[in-house]
Amino acid sequence: MRVEGRESKIASDLLAHYDVHARRLPWRAPPGSNATDPYRVWLSEVMLQQTTVAAVGPYFAKFTERWPSVEALAAAADADLMAAWAGLGYYARARNLLACARAVTSDHGGVFPDTEDGLRALPGVGAYTAAAVAAIAFGRRAVVVDANVERVVARLFAITTPLPAARPAIREAADRITPDARAGDFAQAMMDLGATICTSRNPACGICPLRADCAAVLTADPAAFPVKAAKKAKPHRLGHAFWIERADGHVWLARRPDKGLLGGMRGLPGSAWNDVPDPTPPFAGAWQTLEPPVAHVFTHFSLALTVHAIQVNQGHVPSGAGEWWPIDRLAEAGLPTLFVRAAETAMKKEDVSDARH
DNA sequence: AAGCCGTGGGG
DNA sequence: TCCCCAAGGCT
């Protein structure tokens, strides 16, 4: 529940700054326009989950061009959508995006629910995204809390409880400063502030519109907020991947299981990834081991993937789910970045051997 | 409910 | 180089 006083001053200070300094972003209505398309708001919010504005830009342009409405997206083939998402990461988002578009199209007549609860029931829409879409697309008062808001609020009120334990208190504080009017602008203003001024490291307190409202700026180190619990060490794993190239210029791509890491994506066949992976190739032959391994860092472990390559004849039939893919069109396969690197390793090897002839 | 789930950029 | 982290959701 919002109260008057210091809280309302924060909102008015921030909105006044936002009216002048709002970032121009592809998914925002142009200044002075109230034309917010819920489809574009929702699509951008899902893409922006744990993902930078810079990374989302080209994907948002590609998606809205190819699928201009939720109905168009709902009609997309699964493989096409997964391939279009390739490289953006967190692939469960892509599967949920499609499920959500189909739910909106079939269960809601192609119209997004306009309440937080209605949105929250959709696949891939959690507390943050439901609040953000309700506020930004539908003008409803909603308490929008993402990592930016957590940081700004923790500083405004100098909250010393470490995350994640501080979440309830941060949310209550965010509720108190959220205005009844312009909740969507307020949410976006908070995120703009967190992205450009109240940054995680080296916040620009000198130019902050909330400087006079901020408790942390009075402390020795405003950047020390929010306090965070120590994080666990990231384990290192090993793995083997197999580049199986057919004489007619095709490579065998496996289809990964729908759930789990890189779920539902194409990739090179290979071993499990662990401390002592099985290096045995899927069949015997003149395998060539390529050095060095591909180094890749995931959210919760790092990986060294050793690539092994072989040439097979036309009649070769690999095991497991997958397909032969033309190597000169590999960019269209929608490979996750790890396998793009692995493929580059294999093809660089071929360039070298070709050059020697 | 803590762990799982990608990737690229910046300090 | 290495570490941090970015408009989180799901189980």
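Proteins get letters first, then strands, A, B, ... in listed order; numbering begins at 1 in each. Only a predicted model underlies this, so the values are computations on that prediction, with no experimental measurement involved. Just the heavy atoms: all of them, side chains too, but no hydrogens, waters or symmetry mates, feed the values below.
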*Atom-to-atom span, NZ of A:K231 to P of B:dC4 - whole angstrom*: 14 Å
_From the set C:dG8, B:dG6, B:dG9, return the single nucleotide nearest to any side-chain atom of A:L261._
B:dG6
*Within the structure shown, what part of the strands sits under 4.0 Å from A:A132 by heavy-atom distance: base, sugar-phosphate, or nothing?*
nothing
*At under 4.0 Å between heavy atoms, what does A:P123 touch on the DNA or RNA strands: base, sugar-phosphate, or nothing?*
sugar-phosphate
*Looking at A:F301, does the NZ or CZ of A:R237 lie under 6.0 angstrom from its six-membered ring centre and within 45 degrees of the ring axis?*
yes
_Can you tell me which nucleotide in B:dG10, B:dC4, B:dT7 comes closest to the side chain of A:H300?_
B:dC4
_Distance in angstrom units between A:M265 CE and B:dG6 C1', rounded_ = 10 Å
*Less than 4.0 Å between a side-chain N and a carboxylate O, is that true for A:E150 and A:R167?*
yes
*Indicate yes or no for a side-chain donor-acceptor contact from A:R255 to the backbone of A:R266 under 3.5 Å, with no hydrogens or angles considered.*
no
*Between A:L122 and A:T52, name the one whose nearest nucleotide on DNA chain C is closer to the 5' end.*
A:T52
*Kindly confirm or rule out a cation-pi arrangement of A:R102 over A:W67, judged by NZ or CZ under 6.0 Å from the six-membered ring centre and within 45° of its axis?*
no
*Please work out if A:S44 contacts a base, only the sugar-phosphate, or nothing of the nucleic acid, heavy-atom cut-off 4.0 Å.*
nothing
*Rounded to the Å, how far apart are A:Y128 OH and C:dC10 P?*
14 Å
*asked:* Using OP1 and OP2 only, check whether a side-chain N or O of A:H296 sits under 4.0 Å from B:dT7.
replied: yes
*asked:* Heavy atoms only, 4.0 Å cut-off, all strands: where does A:V46 land among base, sugar-phosphate and nothing?
replied: nothing
*Which part of the nucleic acid does A:A187 contact within heavy-atom distance under 4.0 Å: base, sugar-phosphate only, or nothing?*
nothing
*Would you indicate which nucleotide in C:dA6, C:dC10, C:dA7 comes nearest to any side-chain atom of A:D146?*
C:dA7
*Would you kindly check whether a donor in the side chain of A:R151 faces an acceptor in the base of C:dA7, or vice versa, at under 3.5 angstrom?*
no
*Distance, rounded to the nearest Å, where A:K228 contributes NZ and C:dC4 contributes P*: 10 Å
*Would you classify A:L88 as touching base, sugar-phosphate or nothing, given that sugar-phosphate means primed atoms plus P, OP1 and OP2, and contacts are heavy atoms under 4.0 Å?*
base
*Write down the distance between CG (A:D192) and P (C:dA7), rounded to a whole number of angstrom.*
10 Å
*What is the distance, rounded to the nearest whole Å, between atom CH2 of A:W42 and atom P of C:dG8?*
17 Å
*Between A:A92 and A:K232, name the one whose nearest nucleotide on DNA chain B is closer to the 5' end.*
A:K232
*Starting from P on C:dG9, measure out to CG on A:N96 and report it in whole angstrom.*
11 Å
_Atom P, compared across B:dC4 and C:dA7: separation rounded to whole Å_ = 24 Å
*Same-atom distance (P) from C:dG9 to B:dG8, integer angstrom*: 22 Å
_Sidechain-backbone polar pair: A:Y59 side chain, A:A86 backbone, donor-acceptor under 3.5 Å_ = yes
*What is the nucleic acid contact for A:T51, judged by heavy atoms within less than 4.0 Å: base, sugar-phosphate only, or nothing?*
base
*asked:* Is there a side-chain contact between A:P318 and A:W324 in this structure, where contact means two heavy atoms from C-beta onward sitting under 4.5 Å apart?
replied: yes
*How would you label the contact of A:W27 with the nucleic acid (heavy atoms, under 4.0 Å): base, sugar-phosphate, or nothing?*
base
*Assign A:G87 to base, sugar-phosphate, or nothing according to its heavy-atom contacts below 4.0 angstrom with the strands shown.*
sugar-phosphate
*In whole angstroms, how far is the C1' atom of C:dG8 from the OH atom of A:Y91?*
17 Å
*With a 3.5 Å cut-off and just heavy-atom distances, do the side chain of A:T299 and the base of B:dG6 make a donor-acceptor pair?*
yes
*Tell me whether the guanidinium CZ or amine NZ of A:R40 lies under 6.0 angstrom from the six-membered ring centre of A:F60 and within 45° of its axis.*
no
*Of the nucleotides B:dT7, C:dA6, C:dG8, which has the atom closest to the A:Q49 side chain?*
C:dG8
*Base, sugar-phosphate alone, or nothing: which one does A:L25 contact when heavy atoms must sit under 4.0 Å apart?*
base
